[in-house]
Structures are given as C-alpha cells and as structure tokens.
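Heads up: the structure comes next, in structure tokens.
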Amino acid sequence: MILEGHDLTKVFTTNEGDVRAVDGISFSLDSGDFVAMHGASGCGKSTLLLMSGGLLKPDGGSVVIAGEDPYERSPEARAAFRGEHIGFVFQQFHLIPYLDVLDNILVNELASPGEDLGEKAEELLEKFGLGHRKHHVPSRLSVGEQQRVALARALLRDPKLILADEPTGNLDTENSEIILNHLSGFAEAGGAVLMVTHDDRARAAAKRGMELAAGKLV
Ligand SMILES: Nc1ncnc2c1ncn2[C@@H]1O[C@H](COP(=O)(O)OP(=O)(O)OP(=O)(O)O)[C@@H](O)[C@H]1O
Ligand SMILES: [Mg+2]
C-alpha cells in the first residue's frame, strides 16, 4: 500500500466547543489508485488530506505512507519524508509571486539543495507546454498555466503519492482535462492519487470515490 489511514481522528478546539473534523476514518490507496473524495463543505476533506500528507498530526489513529508513519519522525525528518514521497497540488497553487516559473518548481530545492533537479524541472515544463514560460513570474500566467506549474512542482521528485485539494477548482474545461489526464497517467504509471473535488468531471476521471459526511466515511 502507498497510503493507509487507520481510524484517523482530528478534533479542533474552538470557542464554540470541540469540532470532530475527522472522526474515525480508515482507508487505503494502492499503486494505480485514483480516488476522488467528496462531501459537503466542512465535512473534513481538507483535514483528512492534510493528515494523510504528514502536514497535520492526527489526534487519534495513524497514517502509513510507503510503510512508515511520518508522525513518528521529527518535524525536520518528516519534511524530508514528504519531499521524497508526496506531491501536493492545491486549489490556490501556492506559487511564490516573485520567483519565476522555473524557480517555483525548484523552490524546495532552493531551500535545501541536494541533487541538481534543474534539468528535470525544464523537462517537466516542456511536457506541460510551458517551456517558453520558464522565466515568467506567476502573475503573467493564466490560471491553467499556474496550475500546470503547481503540478510540475509536485512531480519534480517522482513522488509515489499525489494529494490534491480541488486541483481543478479554478479551471475551465480544457485546463481541467489537462490536469486530470496527467493525474490519471500518474496513477496508471504506478502512483496513487487522492483528490478532493466538488467537480463532476474530476469525479468521473477518478477510478473510485470516497464520500465524507460530518467527519465520517459514508
Ligand atoms: N484549524 C481549525 N480550527 C478550527 N476548526 C477547524 C480548523 N480547520 C478546520 N476546522 C473545522 O473542521 C471542519 C472540517 O474542515 P475542512 O476544512 O476539513 O472541511 P472541508 O470538507 O475541506 O470543507 P470545504 O469543502 O469547504 O473545503 C469544519 O467544521 C471546519 O470549520
Ligand atoms: Mg477543504
């Protein structure tokens, strides 16, 4: 299994009392899986995705990615583990406005240089039809192009797992299809994709669905 969640629970404490955002969810994704997670606003999808990606420690249960629980590592070691195994794609892209496209893809490498991935980044840009854009800042790109940059960044280190929160939320049909085709191809090549989406086209592109209601699997 690439990703397993065992009895995952997250409780947020607020002024109005405790919110059981995720309440005892178990699931798993194997190589080749492309799963669309859906459910009403506030049902816990993003919270589950963040816990699954080693970005938010569960209050109960455990996450296993490639055989290891990331939360048993120190925060620094967990960040390295995420870099090695997981690519994230979010609705808001999270591109850095003052870096050009190429440096946005390489941003994690700029912070902690390891092997030189510059050539790989340029290959990905070509593959996504953005070769001519590599020295432009994100604000000069269309939203579809920005999302392709975000996907290229997620793929840079050949992750096994892609976690995507509304990756087509801002996109028109044509750009949605480009992103969904790449996610399908990534799964077919042996990866696993867990995608949160409200979009019917995106749900149709996935191989199976996972519905949440009030923090639980339906
Ligand atoms: N940091 C936080 N502090 C307090 N409550 C939170 C926090 N993050 C999320 N919640 C609450 O947990 C619940 C689940 O939130 P979550 O963001 O996971 O929902 P979602 O399914 O992703 O919704 P949407 O479709 O609107 O993105 C909501 O009631 C939300 O208000
Ligand atoms: Mg959300």
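Note that ligands are numbered from 1 as they come in the structure, with each ligand's atoms numbered from 1 the same way. Note that the structure is predicted; figures quoted are calculated from it, not measured. These numbers come from the heavy atoms of this one structure, side chains and all, not from hydrogens, waters or symmetry mates. Residue numbers run from 1 in the order of the sequence given.
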task: Considering only non-hydrogen protein atoms, determine which one is nearest to atom 25 (O) of ligand 1 and report residue, atom name and distance to 0.1 Å.
output: Lys45 NZ, 2.7 Å
field: Phe186 ring center near His182 ring center (under 6.0 Å)
entry: no
- prompt: What protein heavy atom is closest to atom 26 (O) of ligand 1, reported as residue, atom name and distance in Å?
  reply: Ser41 OG, 2.6 Å
query: Looking just at side-chain N and O atoms, do Thr9 and Asp23 make a donor-acceptor pair shorter than 3.5 Å?
result: no
message: Measuring centre to centre across the rings, with the benzene-like ring taken for any Trp, is Phe88 within less than 6.0 Å of His94?
response: no
query: Does any N, O or S atom of Ser46, backbone or side chain, fall under 2.8 Å from the Mg ion (ligand 2)?
result: yes
query: What atoms of ligand 1 come within less than 4.0 Å of a heavy atom belonging to Val19?
result: 12 (O), 29 (O)
message: Is it the case that ligand 1 has an N or O less than 3.5 angstrom from some N or O of Thr47?
response: yes
message: Residue-level breakdown please: for Thr14 versus ligand 1, do any non-hydrogen atoms fall below 4.0 Å on the side chain, on the backbone, on both, or on neither?
response: side chain
Sidechain N-carboxylate O distance under 4.0 Å for Glu84, Arg157: no
- request: Going by the side chain to side chain donor-acceptor pair (under 3.5 Å) test, name the single residue among His136, His135, Lys134 that passes it with Asp100.
  value: His135
statement: Atoms of ligand 1 under 4.0 Å from any heavy atom of His198, numbered from 1 in the order shown, are 25 (O)
task: Around atom 28 (C) of ligand 1, find the nearest protein heavy atom and jot down its residue, atom name and distance.
output: Gly42 O, 3.6 Å
message: Other residues, nucleotides and ligands only: do more than 12 of their heavy atoms fall within 6.0 Å of NZ on Lys127?
response: no
- prompt: Can you tell me the protein heavy atom closest to atom 17 (O) of ligand 1 and the distance?
  reply: Ser46 CB, 3.8 Å
message: Using a 3.5 Å cut-off on N or O atoms only, is Ala21 in polar contact with ligand 1?
response: no
query: So which heavy atom in the protein is nearest atom 4 (C) of ligand 1, and how far is it from that ligand atom?
result: Phe12 CB, 3.4 Å
Criterion side-chain hydrogen bond (donor to acceptor under 3.5 Å, both in side chains) on Asp69 and Ser62, from CA distance to verdict: CA-CA 7 Å; Asp69 182 341; Ser62 62; 4.9 Å; no
- prompt: Is atom 31 (O) of ligand 1 in close reach of the protein, with a heavy atom under 4.0 Å away?
  reply: no
query: If we ignore angles and hydrogens, is there a donor and acceptor under 3.5 Å between the side chains of Asp7 and Ser26?
result: no
- prompt: Does the side chain of Asp199 come within less than 4.5 Å of His38's, by heavy atoms?
  reply: no
query: Judging by distance only, is a nitrogen or oxygen of Gly39 under 3.5 angstrom from one on ligand 1?
result: no
query: So, does Lys10 sit close enough to ligand 1 that a heavy atom of it is under 4.0 Å from the ligand?
result: no
- prompt: At under 4.0 Å between heavy atoms, which part of Glu166 makes contact with ligand 1: side chain, backbone, both or neither?
  reply: neither
- request: Using a strict cut-off of less than 4.0 Å between a Lys/Arg side-chain nitrogen and an Asp/Glu carboxylate oxygen, indicate whether Asp33 and Arg208 qualify as a salt bridge.
  value: yes
